[in-house]
Amino acid sequence: MLSKNDSPRILVLITQQKFSGKAAQMLRENGVSLLFSANAEGTAPTEMLDIQGFGNTEKNILLAAVSRPAAGVLLRKLLKELRLGTANTGIAFTLPLSGVSNLVLQLTRPQSAGGTVPERKEDAHMSESEYTMIAAIVNQGYSGEVMNAARAVGAVGGSVLHSRGIGANDAVNSWGFNLQDEKEIVIIVTEKESKLAIMQAIGENCGLKSEAKGIVIAIPVEDALGLV
Amino acid sequence: MNSKLRAKVKESVMAVLPITLIVLFISTFLVPLNIASASMFFFGAVLLIVGMGMFQLGAEMAMSPLGEGIGVQMSKSRRLLLVMLCSLALGIIITVAEPDLQVLSNQVPGIPNPVLIWTVAIGVGLFLAAAILRIIRHVDLSILLAVFYAAVLIISFFVPGDFLAVAFDSGGVTTGPITVPFIMALGVGLSAVRGDKGAAEDSFGLVALSSIGPILSVLILGCFYSPKEAVFGEQIGENVETVKDLMVVFTRELPHYAGEVALSILPIVAVFAIFQLCFHRYQRRQRLRVCVGFAYTYVGLILFLTGVNVGFAPVGSLIGSGLADSSKKWLLIPIGMLIGYFIVKAEPAIQILDHQVQTVTDGLIPAKSMNRCLSIGVSVSVGLAMLRIITGLDIRWIILPGYVLALVMSRLVPRIFVGIAFDSGGVASGPMTSTFLLPLCIGACETLGGNVMTDAFGAVALVALTPLIAIQIMGLSYRIKLARQEKLAPAPVMPADIDEIVEIEEW
């Protein structure tokens, strides 16, 4: 059993596509070898902008497995190089893990990422455990409703991932395709204080009783930056 | 400024500016244009930039969600016959209304317009249905392409030469700015709910098959009708002296295109209404968004078509004849290649294709590489078109080996590149090609005293051909690179415990 402090972290960076390439390059140069990316969509700041077509923006989500000390260093580097925290850049945060393949452990040994960084220093831009990540999984087309509900109780913004839901029984149609329903995953990183209110608001407006058939979860965030 | 708006403005400026600068260069140093034509050209370019931006945004907001939605419902359906009938109907509806087809029907000699339009539309419908049947029945795209193109090439021997070029042109032309975004999105929707490995590959290939339909149907018509003298829009020099004259010329043409574009968008709006009534896919906000999107598409296309037809077409013709007239007629080839390189970027549907390729392949094929590849491809094709005009080379000598090469390559490159390559052929030849490039060729051809029917036409067919090869070369080099990497770096020896699970203290 590995202690919490020694375990690897998942570094998540949600940003515009042009920054994402730069960030991936930087992470690679710092020895990060487990790096994944996915397309996402930034949510529109207002409903009006969305209807006018100027709301949603293309985003990219980068996931990197890093050791704990490297996580702090890399977050600070990202802050400096991408100027996270200024308007329209993006956010980065780390998520704890509760189990990994041995491979991940091997590849995230402190010496293989970010060099030797024994001590983590507190940073003005970085605050420990003030944030949480809420994820709402809803039917296709309801991410707007989720954001409406979340904004009303204090959420600032979110990102949408398009995905497919896999039910208990795989539906295979007569043509031999595995059919999976389209789902949207809305990710909102927010202060811990507003977590409950946002989750409740999403549950009430887009819960299983609604057409959105939403499920809401929250995952603890260790460090976060880029949130205004 | 809103960041999205800024990105769109930048995108459309970058698309139209290069070709504008080239024309400025040519008109300064090689073919002196009178100030009237030049001012019309530059005003047209402004309309193009605005129209292009609005069109892109509108297509993204309206056409894509609609196409995707219909694709998803088709994938979920269990009734094969219904799906086939729907795709046949969709293919016919979107093609009958395509503004490019109206232009083509006026250019094709000897066939009554309604006969041609309906034959082409039914051709697109049948091939769209075939493309969807292919996905459902898991048939390899390259096999179908080989069969259909073999049929096309065989029939082409029984068709008079005058007809041949026009038939191939029709394939490129009918997949225009309305059809392409819709069919592309349909492909994405069809594979959106599938969890299997081939889903991403199957998002492409619909446009590819749909553009064979018109070629085949026009060729078959060519066996029954005898060609007469070509009728193409005469480019009359406008008498523009004041700014007021300029505005008058453009505003006079505007209503004409407003009507034409309305005709082509209304059927799709109707499809949206029927689809929404049957399946209730779109929420309130999405419905509003789609409606606004249709409005953007409408206004954007009107501005684009007016700009390109009024501002660009006459200049294309003038430059063509001007270059051919000078003692340096061989300059036509390099200048044509230069124009070809930059003209693709200004095709409205190209960015939609690039973007979709980047999204579906998750960045494996970046939009930039697509763009460069298409630019090189079209550049070569315009060079070849100019060579044909100067030498009068039979189009068969280029088309036959070209398609044979493309088909052979389709067996060698990774599958996803086949769909993308053959789709891009139809996408690359849009309104910009038929209103700027074609007049350029016609202008050059008339001045050199060649046969316009056989020499100038066929330019579009070449523009639709070379991207197939260019993109498959990219696919081939990608495959070679992968193989080399594997050779250089053999799979590392994994320690035995690599898959063991390490538990971490709970949080």
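Remember, it's a predicted structure, so these values are computed and weren't measured experimentally. Chain naming here is simple, since letters A, B, ... match the order of the sequence lines and numbering starts at 1 in each.
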Portion of [X] that has a non-hydrogen atom of chain A nearer than 4.5 angstrom:
X        : value
B/Gln283 : side chain
B/Tyr282 : neither
B/Ile501 : both
B/His280 : neither
B/Val72  : side chain

With the side chain counted from C-beta on, respond yes when B/Ile504 and A/Pro96 share a heavy-atom pair under 4.5 Å apart, and no when they do not. no

Rounded to the nearest 0.5 Å, what separation is found between the CE atom of B/Met61 and the CG atom of A/Asp50? 8.0 Å

Any chance you could measure A/Glu58, atom CD, to B/Glu60, atom CD, to the nearest 0.5 Å? 7.0 Å

Please step through side chain to side chain contact (heavy atoms under 4.5 Å, CB included) for the pair B/Gln286 and A/Gln140, ending with a clear verdict. CA-CA 11 Å; B/Gln286 288 173 305; A/Gln140 182 275 332; 3.7 Å; yes

CA sep, side-chain torsions, deciding dist, call: B/Tyr296, A/Gln52, side chain to side chain contact (heavy atoms under 4.5 Å, CB included): CA-CA 9 Å; B/Tyr296 285 165; A/Gln52 290 167 351; 3.9 Å; yes

Side chain from CB out, backbone as N, CA, C, O: work out which of these in A/Leu105 comes under 4.5 Å of a heavy atom of chain B, or both, or neither. side chain

Option that, when pairs with chain B are counted at under 4.5 Å, heavy atom only, ranks first among A/Asn39, A/Val100, A/Asn60, A/Leu49: A/Val100

Hey, mind stepping through A/Glu182 and B/Arg281 against salt bridge (Lys or Arg N to Asp or Glu O under 4.0 Å) and telling me if it holds? CA-CA 12 Å; A/Glu182 300 156 276; B/Arg281 182 181 163 90; 3.0 Å; yes

Looking at every non-hydrogen atom in both residues, tell me the closest pair between B/Arg285 and A/Ile51 and how far apart they are. CG-CG1, 4.0 Å

